[in-house]
Enquirer: 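Got a structure for you, written out below as C-alpha coordinates; questions coming shortly.
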Amino acid sequence: MSPAPPTRGPATGPPLVRRRVVIHGRVQGVFFRDTLRRRAEARDVTGWVTNRGDGTVEAALEGRRADVEALLGFCRQGPARAHVDRIDVRDEEPEGSTDFRIE
(Lines give C-alpha, C1' and ligand atoms only; values in the text may rest on other atoms or scores of the structure.)
Protein backbone atom coordinates (compact mmCIF):
# COMPACT_ATOMS: atom_id res chain seq x y z
CA MET A 1 0.00 0.00 0.00
CA SER A 2 1.44 3.37 -1.00
CA PRO A 3 1.52 6.32 1.43
CA ALA A 4 -1.16 9.00 1.19
CA PRO A 5 -0.26 11.99 -0.99
CA PRO A 6 0.65 15.23 0.78
CA THR A 7 -2.18 17.60 1.64
CA ARG A 8 -2.82 19.87 -1.31
CA GLY A 9 -4.80 23.00 -1.99
CA PRO A 10 -6.79 23.17 -5.21
CA ALA A 11 -6.61 20.03 -7.35
CA THR A 12 -3.31 21.00 -8.94
CA GLY A 13 -2.09 23.44 -6.30
CA PRO A 14 1.01 23.29 -4.14
CA PRO A 15 1.03 21.53 -0.76
CA LEU A 16 -0.54 23.43 2.12
CA VAL A 17 1.30 24.29 5.33
CA ARG A 18 -0.04 25.35 8.70
CA ARG A 19 1.84 27.42 11.27
CA ARG A 20 0.80 28.37 14.80
CA VAL A 21 2.25 31.70 15.87
CA VAL A 22 2.24 33.60 19.16
CA ILE A 23 3.18 37.27 18.88
CA HIS A 24 4.69 39.00 21.94
CA GLY A 25 4.97 42.73 22.60
CA ARG A 26 2.53 45.64 22.34
CA VAL A 27 0.19 43.74 20.03
CA GLN A 28 -3.29 44.18 21.50
CA GLY A 29 -5.38 47.28 20.90
CA VAL A 30 -3.43 48.17 17.74
CA PHE A 31 -5.66 46.50 15.09
CA PHE A 32 -3.32 43.50 14.85
CA ARG A 33 -6.09 40.92 14.50
CA ASP A 34 -8.11 42.79 11.90
CA THR A 35 -5.04 43.70 9.85
CA LEU A 36 -3.86 40.07 9.91
CA ARG A 37 -7.34 38.90 8.89
CA ARG A 38 -7.44 41.27 5.91
CA ARG A 39 -3.95 40.26 4.79
CA ALA A 40 -4.76 36.56 5.19
CA GLU A 41 -7.93 36.87 3.14
CA ALA A 42 -6.03 38.76 0.41
CA ARG A 43 -3.56 35.86 0.20
CA ASP A 44 -6.20 33.11 0.42
CA VAL A 45 -4.81 31.95 3.78
CA THR A 46 -7.24 30.38 6.24
CA GLY A 47 -7.19 29.96 10.01
CA TRP A 48 -7.88 32.23 12.95
CA VAL A 49 -6.42 34.92 15.22
CA THR A 50 -7.20 35.75 18.84
CA ASN A 51 -6.08 37.92 21.75
CA ARG A 52 -4.79 35.89 24.68
CA GLY A 53 -5.18 36.80 28.32
CA ASP A 54 -1.43 37.26 28.75
CA GLY A 55 -1.34 40.17 26.27
CA THR A 56 -0.09 38.18 23.29
CA VAL A 57 -1.84 37.50 19.98
CA GLU A 58 -2.09 33.91 18.74
CA ALA A 59 -2.91 32.79 15.21
CA ALA A 60 -3.11 29.68 13.06
CA LEU A 61 -2.22 30.28 9.41
CA GLU A 62 -2.92 27.69 6.71
CA GLY A 63 -2.21 28.04 3.00
CA ARG A 64 0.49 27.94 0.38
CA ARG A 65 3.96 28.09 1.93
CA ALA A 66 4.91 31.44 0.32
CA ASP A 67 1.66 33.07 1.49
CA VAL A 68 1.97 31.78 5.05
CA GLU A 69 5.62 32.89 5.19
CA ALA A 70 4.62 36.37 3.98
CA LEU A 71 2.07 36.60 6.81
CA LEU A 72 4.70 35.47 9.31
CA GLY A 73 6.82 38.36 8.02
CA PHE A 74 3.94 40.70 8.80
CA CYS A 75 3.62 39.13 12.27
CA ARG A 76 7.27 39.99 12.95
CA GLN A 77 6.52 43.69 12.35
CA GLY A 78 2.80 44.13 13.01
CA PRO A 79 0.65 47.10 12.05
CA ALA A 80 1.91 50.67 12.49
CA ARG A 81 1.04 51.07 16.19
CA ALA A 82 2.32 47.65 17.28
CA HIS A 83 5.70 46.85 18.77
CA VAL A 84 6.61 43.19 18.29
CA ASP A 85 9.24 41.85 20.67
CA ARG A 86 9.29 38.32 19.28
CA ILE A 87 7.19 35.61 17.69
CA ASP A 88 7.08 31.90 18.46
CA VAL A 89 6.23 29.69 15.48
CA ARG A 90 5.55 25.97 15.27
CA ASP A 91 4.45 23.71 12.45
CA GLU A 92 1.09 21.94 12.57
CA GLU A 93 -0.69 19.53 10.27
CA PRO A 94 -3.05 21.31 7.85
CA GLU A 95 -6.68 20.98 8.94
CA GLY A 96 -8.42 22.03 5.74
CA SER A 97 -9.93 25.19 7.22
CA THR A 98 -12.05 27.19 4.79
CA ASP A 99 -12.02 30.75 6.13
CA PHE A 100 -10.07 33.14 8.34
CA ARG A 101 -11.79 34.37 11.47
CA ILE A 102 -11.13 36.57 14.46
CA GLU A 103 -11.92 34.74 17.68
Enquirer: Can you list the residues that meet the salt bridge (charged side-chain N to carboxylate O under 4.0 Å, His left out) rule with Arg52, with sequence neighbours excluded?
Expert: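 Counting only residues at least two positions away or on another chain, Arg52 forms a salt bridge (charged side-chain N to carboxylate O under 4.0 Å, His left out) with Asp54, Glu58.
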
Enquirer: To check you understand the geometry: which heavy-atom pair defines the closest contact between Arg86 and Asp88, and what is its length?
Expert: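 Scanning both residues, the minimum pair turns out to be NE-OD1, 3.3 Å.
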
Enquirer: When you look at CZ of Phe74, are more than 12 heavy atoms from neighbouring residues, nucleotides or ligands closer to it than 6.0 Å?
Expert: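 Yes.
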
Enquirer: Run through Arg19, Arg65, Arg20 and flag the one making a salt bridge (Lys or Arg N to Asp or Glu O under 4.0 Å) with Asp91.
Expert: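 Single pass found, and it is Arg19.
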
Enquirer: For a salt bridge (Lys or Arg N to Asp or Glu O under 4.0 Å) with Glu41, tell me which candidate from Arg39, Arg37, Arg38 qualifies.
Expert: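 It is Arg37; the other options fail the test.
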
Enquirer: Within a strict 4.5 Å, meaning less than it, do heavy atoms of the Leu72 and Val21 side chains meet?
Expert: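 Yes; the side chains approach each other to less than 4.5 Å.
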
Enquirer: Give the minimum heavy-atom separation between Asp67 and Arg43, together with the two atoms involved.
Expert: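 Nearest pair, atom of Asp67 first, then Arg43: OD1-NH1, 2.8 Å.
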
Enquirer: Decide yes or no for Leu36 and Cys75: does some side-chain heavy atom of the first lie under 4.5 Å from some side-chain heavy atom of the second?
Expert: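 A side-chain contact under 4.5 Å exists here.
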
Enquirer: Looking at Arg18 and Glu95, is any side-chain nitrogen of the basic one under 4.0 Å from a carboxylate oxygen of the acidic one?
Expert: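 Here Glu95 pairs with Arg18 in a salt bridge, since their nearest N and O are under 4.0 Å apart.
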
Enquirer: Might you work through the salt bridge (charged side-chain N to carboxylate O under 4.0 Å, His left out) test for Arg33 and Glu103, ending with a clear yes or no?
Expert: CA-CA 9 Å; Arg33 293 177 302 159; Glu103 297 185 337; over 6 Å; no

Enquirer: I need the single residue from Val49, Leu71, Asp44 that forms a side-chain contact (heavy atoms from CB on, under 4.5 Å) with Phe100. Which is it?
Expert: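 Single pass found, and it is Val49.
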
Enquirer: Taking Glu62 for its side chain and Val45 for its backbone only, find out whether a donor-acceptor pair lies under 3.5 Å.
Expert: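 No, the answer is negative, given that no donor and acceptor are paired below the 3.5 Å cut-off.
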
